[in-house]
Structures are given as C-alpha cells and as structure tokens.
A.B. asks: 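My questions all concern the structure below.
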Amino acid sequence: MSSTPPFHETLDLTLCGSMGRVHRLCRDAVTLAVEPLGLTQSRWTAMMHLFHLNQGCTQQELANSLGIEMPSLTRTIKQLEQQEIIARKADAEDKRSKRLYFTEQGLQLLDTLQVIIADVKQHLYADLTTEQLDTMAHGLIQMEHNARQCIRHYSGDK
C-alpha cells in the first residue's frame with residue numbers, strides 16, 4: 001500500500017531547490033527592471049542591504065548581511081563610489097574601519113530603486129492573496145531558523 005507524498009515532495013527540484021530557483025528569477029526580474037538606472041545585481045542588492053542596515057554601517061556588516069566576502073564587496077563599493085551613490089568614511093573610533101553612507105544622489109537613486117522594486121513585487125505577487133504571502137513569509141522565517149540550527153548541529157557548534 002503506497003501513500004501519496006505531500007505536494008512539496010512532488011516538486012521537480014525539491015522545495016528548497018524550488019525556493020532557490022524562484023529567488024534567482026525574482027532577483028533577475030529586479031535586475032532587468034533597474035538596468036536603465038545603471039545598476040547591476042551586486043550594486044542594487046548592496047544598496048538595499050545598506051538601506052535596511054541603516055547608513056553608517058561598516059563594510060564588514062554589509063558583507064555579512066549580503067553573505068559575501070569582503071574582497072567581493074570592495075569591488076562593488078568602489079563602483080558605487082565612482083557612480084557617486086555612496087561614500088566611505090573612516091570610523092571615528094577605529095580609523096581602519098570604513099562606514100558607508102548614501103550621497104544625496106544615492107538617496108535619490110534609492111528612492112527610484114524602491115519604487116521599481118515595489119512595481120516588480122506587484123508583478124511577482126500577482127494572483128497571491130495576502131494570507132498566502134504571509135504564510136510563505138512565516139514559513140521562510142522558520143526554515144531559515146531551522147537551517148541555522150541544522151548548520152550548527154552538523155558543524156559541531158551545539
């Protein structure tokens with residue numbers, strides 16, 4: 001006697017694989033939409049993470065938030081500086097540490113970026129109810145928590 005597997009187990013790439021694919025598609029949609037602004041995927045994601053972390057965060061904090069190494073971020077930061085979107089300023093207490101701030105031009109671009117992302121999100125969320133979106137959001141938060149616990153478990157850091 002065989003039982004029918006739950007729907008999430010019938011997906012071609014597994015649930016986690018499907019989440020990764022959807023994430024890449026959503027990121028690609030935003031990247032295409034903001035391309036006319038002169039922003040690449042690494043630049044617009046750095047801008048959004050800086051916005052959520054608040055201005056004045058360190059480069060290391062931004063790298064941690066993005067989940068990338070400092071050398072990868074340094075290139076993006078230099079590009080954003082060249083576009084006069086952000087400015088690096090030495091930390092008042094630790095001159096070796098640089099803090100990141102939006103320029104006036106960067107703040108204006110950030111406003112435009114947020115409008116475009118809101119428009120893309122409307123397309124991405126089409127035909128989904130608020131309840132469905134909330135359920136997904138809660139599920140993702142729980143899965144992230146579980147994944148962190150799983151990593152600690154398997155790394156021996158209990």
A.B. asks: Going only through I, L, V, M, F, W and Y residues with side-chain contacts under 4.5 Å, is there a path from Leu110 to Tyr101?
C.D. replies: no
A.B. asks: Closest approach of Ala33 and Pro36, non-hydrogen atoms and distance?
C.D. replies: O-CD, 3.4 Å
A.B. asks: Quick check: does any side chain N or O of Gln55 sit under 3.5 Å from a backbone N or O of Phe102, one acting as donor and the other as acceptor?
C.D. replies: yes
A.B. asks: Whether the side chain of Ser97 engages the backbone of Asp94 through a donor-acceptor N/O pair (distance < 3.5 Å, no angle test) should be reported.
C.D. replies: no
A.B. asks: Taking the side chain as everything from C-beta on, heavy atoms only, tell me whether Glu61 gets closer than 4.5 Å to Arg99.
C.D. replies: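 In short, these two side chains touch, coming nearer than 4.5 Å.
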A.B. asks: State the CZ-OG distance between Arg21 and Ser18, to the nearest 0.5 angstrom.
C.D. replies: 4.5 Å
A.B. asks: Examine distances only and state if a side-chain atom of Glu144 and a backbone atom of Ile141 form a donor-acceptor pair shorter than 3.5 Å.
C.D. replies: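 No, the answer is negative, given that no donor and acceptor are paired below the 3.5 Å cut-off.
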A.B. asks: Please evaluate residues Thr103 and Ile86 with respect to the criterion side chain to side chain contact (heavy atoms under 4.5 Å, CB included), reporting the C-alpha separation (whole Å), side-chain torsions for both, the decisive distance (0.1 Å), and the verdict.
C.D. replies: CA-CA 5 Å; Thr103 62; Ile86 63 159; 5.6 Å; no
A.B. asks: Between atom CZ of Arg27 and atom CD of Gln41, what is the distance when rounded to the nearest 0.5 Å?
C.D. replies: 4.5 Å
A.B. asks: If you define the side chain from C-beta out and look only at heavy atoms, does anything of Leu80 sit under 4.5 Å from Leu50?
C.D. replies: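 A side-chain contact under 4.5 Å is absent here.
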A.B. asks: Could you tell me whether the side chain of His23 reaches within less than 4.5 Å of the side chain of Cys26, counting heavy atoms only?
C.D. replies: no
A.B. asks: Apply side chain to side chain contact (heavy atoms under 4.5 Å, CB included) to residues Leu53 and Leu62 and explain how you reach the verdict.
C.D. replies: CA-CA 8 Å; Leu53 289 170; Leu62 182 57; 4.0 Å; yes
A.B. asks: To the nearest 0.5 Å, what is the distance between NE2 (His49) and CG (Asn64)?
C.D. replies: 11.5 Å
A.B. asks: Is there a path of hydrophobic side-chain contacts, each under 4.5 Å between heavy atoms of I, L, V, M, F, W or Y residues, that connects Leu133 with Leu140?
C.D. replies: no
A.B. asks: Ignoring hydrogens and angles, tell me if any N or O in the side chain of Arg24 forms a donor-acceptor pair with the backbone of Gly20 under 3.5 Å.
C.D. replies: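 Yes, the answer is positive, given that a donor and an acceptor are paired below the 3.5 Å cut-off.
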A.B. asks: Looking at Ser72 and Ile68, would you say the former's side chain and the latter's main chain have a donor-acceptor pair under 3.5 Å?
C.D. replies: no
A.B. asks: Would you say the side chain of Leu73 lies within less than 4.5 Å of the side chain of Gln60, judging by non-hydrogen atoms?
C.D. replies: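 Side-chain contact under 4.5 Å: no.
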A.B. asks: Nearest 0.5 Å, please: how far is NZ in Lys78 from CZ in Arg88?
C.D. replies: 6.5 Å
A.B. asks: Passes side chain to side chain contact (heavy atoms under 4.5 Å, CB included), Ile85 versus Leu39? Steps please.
C.D. replies: CA-CA 10 Å; Ile85 295 169; Leu39 295 175; 4.0 Å; yes
A.B. asks: Hey, what do you get for CD1 (Ile116) to CG (Asp119), rounding to the nearest 0.5 Å?
C.D. replies: 8.0 Å
A.B. asks: Can you tell me how far CD of Gln149 sits from OH of Tyr154, rounded to the nearest 0.5 angstrom?
C.D. replies: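 Result: 12.5 Å between the selected atoms.
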A.B. asks: Establish, from distance only, whether the side-chain atoms of Arg43 and Gln83 form a donor-acceptor pair under 3.5 Å.
C.D. replies: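 Yes, side-chain donor-acceptor contact under 3.5 Å.
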A.B. asks: Should Ile117 and Val22 be regarded as members of a common hydrophobic cluster, given that ILVMFWY residues are connected when their side-chain heavy atoms come within less than 4.5 Å of each other, either directly or indirectly?
C.D. replies: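 They do not share one cluster, since no chain of ILVMFWY contacts under 4.5 Å joins Ile117 to Val22.
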A.B. asks: In terms of hydrophobic clusters joined by side-chain contacts under 4.5 Å, are Leu32 and Leu113 together?
C.D. replies: no
A.B. asks: For a side chain to side chain contact (heavy atoms under 4.5 Å, CB included) check, start with the C-alpha distance between Glu84 and Glu104, then their side-chain angles and the critical distance, and finish with the verdict.
C.D. replies: CA-CA 9 Å; Glu84 298 181 356; Glu104 267 310 307; over 6 Å; no
A.B. asks: Around atom OH of Tyr125, are there more than 12 heavy atoms from other residues, nucleotides or ligands closer than 6.0 Å?
C.D. replies: no
A.B. asks: Looking at Ala63 and Met70, what are the two nearest heavy atoms and their distance?
C.D. replies: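 Smallest interatomic distance, heavy atoms only, reads CB-SD, 3.9 Å.
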A.B. asks: Are Ile77 and Leu37 connected, step by step, through hydrophobic side chains (Ile, Leu, Val, Met, Phe, Trp, Tyr) whose heavy atoms are closer than 4.5 Å?
C.D. replies: yes
A.B. asks: Evaluate the side-chain proximity of Lys95 to Asp91: yes if any heavy-atom separation is below 4.5 Å, no if none is.
C.D. replies: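 Side chain of Asp91 against side chain of Lys95, heavy atoms only: no contact under 4.5 Å found.
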